[in-house]
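The first residue in the sequence is number 1, and the count goes up from there. Keep in mind that this is a model prediction, so the values were computed, not measured.
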Amino acid sequence: MDILVALLYVVEVVVCLLLALVVMLQKPKEGGLGGLAGGMGEAVFGADAGNVLIKVTVWLGAIFLVNTLLLARFTSKSHAAESAMAGVEQQQAPKEALPNLNTQIDPEKLAADAAKAPAAAAPAKPEAPKAPVAAAPAKPEAPKAPAVPAPEKPAAPKAN
């Protein structure tokens, strides 16, 4: 089983590299890395290189998908027994620390307890805090205008 997993890993790496190469060789609409090969794709595959590269891309993508699913299946099954918590014991809480949730509440007992201590059950109503009473602020005085002497009236001209 380990040999099969190792072989699938090798196939995965090879398919990844081939898929990247084939995708880069395709002639994009706006140039790109397809021009770096210098028309090598057309020379190898002929004038119909676009269709061949698309078919190769689809086949490599399918092989990649199936190979990845097989690797996931084989590796998860082989490592399932190797849990990180395999040898660890779980600590249990002491029984006296846990509350007993199986008790039944008797409504008659609750009513009797409430009738015995009605004053203790009702909390005292807190008084609203009183706002401090401050003296009314003094009425601000209007600012006084500076005293400006009235202009003198010019003397009337003398008649000759």
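Within a 6.0 Å radius of CG in Leu7, more than 12 heavy atoms belonging to other residues, nucleotides or ligands are found.
No single ILVMFWY cluster, assembled from side-chain heavy atoms under 4.5 Å apart, contains both Leu53 and Trp59. A single hydrophobic cluster is not seen to contain both Leu65 and Val23; linkage of ILVMFWY side chains at heavy-atom distances under 4.5 Å, directly or through other members, places them apart. The hydrophobic clustering, which links ILVMFWY residues whose side-chain heavy atoms are closer than 4.5 Å, places Val14 and Leu17 apart.
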Step-by-step side chain to side chain contact (heavy atoms under 4.5 Å, CB included) determination, Tyr9 to Thr75: CA-CA 11 Å; Tyr9 275 123; Thr75 57; 3.6 Å; yes
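Considering only heavy atoms from C-beta on, Asn67 stays 4.5 Å or farther from Val15 through its side chain.
Smallest separation of non-hydrogen atoms from Gln26 and Thr57: NE2-OG1, 2.6 Å.
One distance of note links CG of Leu4 with CG of Leu70; it measures 8.0 Å at 0.5 Å rounding.
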